Amino acid sequence: QLQLVESGGSLVEPGGSLRLSCTAAGPPFTLESYSIGWFRQAPGKEREGVSCFSSTHSIFYRDPVAGRVTISRDNARNTVYLQMNNLKPEDTAVYFCAADTAPMYATNWFRSENFRSWGPGTQVTVSS
């Protein structure tokens, strides 16, 4: 039920950085009441979780991106960011943000079916 839109995706060379944004809108709400997840899907691949900022205030990262990715929130702007550094060609994918009122935990944040609201995605291409 929450409307989400991503921005910030572009073509970047390996080793470069990008900051993706996810801005939420909809009925009266406070962003801190929602868990926000970042997912990505490459051609021919299944959607996979990248990071999550849970409404419990816990933060989760997929192991392969840990140390290169940082998720943060600006609740006043209803925006969640995904800072990505040292990008690699295998990071190429459409990146989606997702939201749900349910708290997310280490055992379930990476399951896309747990999120009811999704943005349309933004393309990240890492190539020389």
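All heavy atoms count here, side chains included; hydrogens, waters and symmetry mates do not. This chain uses plain numbering: 1 for the first residue, then up along the sequence. Treat the numbers as computed from the prediction; the structure is a model and nothing was measured.
With contacts defined as side-chain heavy-atom distances shorter than 4.5 Å, the pair R68/M84 does not qualify.
The backbone N or O of C97 sits less than 3.5 Å from a side-chain atom of E6, completing a donor-acceptor pair. The closest donor-acceptor contact from the side chain of D100 to the backbone of R116 lies under 3.5 Å. Between the side chain of S35 and the main chain of S55, a donor-acceptor pair closer than 3.5 Å is present. Of the possible polar contacts, none joining the T125 side chain to the L11 backbone as a donor-acceptor pair under 3.5 Å is found.
Residue pairs meeting the disulfide bond (SG atoms under 2.5 Å apart) criterion with at least one member in residues 26-83: none, sequence neighbours excluded.
Between R62 and G49, the shortest heavy-atom distance links the atoms CD-O, 3.2 Å. When all heavy atoms of T56 and P103 are compared, the closest pair comes out as CG2-CB, 3.5 Å. Taking all atoms of both residues into account, the shortest heavy-atom contact from A25 to L2 is O-CD1, 3.4 Å. Closest approach of R47 to S112, counting heavy atoms only: NH1-CB, 3.5 Å.
Relative orientation of the W109 and F60 rings is parallel, given thresholds of 30° and 60° on the angle between their planes. Using cut-offs of 30° and 60° on the angle between ring planes, the pair F39 and F115 is perpendicular.
Atom CD1 of I36 is separated from atom CZ of R73 by 5.5 Å, given to the nearest 0.5 angstrom.
At a cut-off of 3.5 Å, with distance as the only test, no side-chain donor of N78 or T23 sits close to an acceptor on the other residue.
Between E90 and K88 there is no salt bridge, since no side-chain N of the basic residue sits under 4.0 Å from a carboxylate O of the acidic one.
Each of T92, L82, L20, V94 was evaluated against V124; a single residue qualifies, L20, per the side chain to side chain contact (heavy atoms under 4.5 Å, CB included) test.
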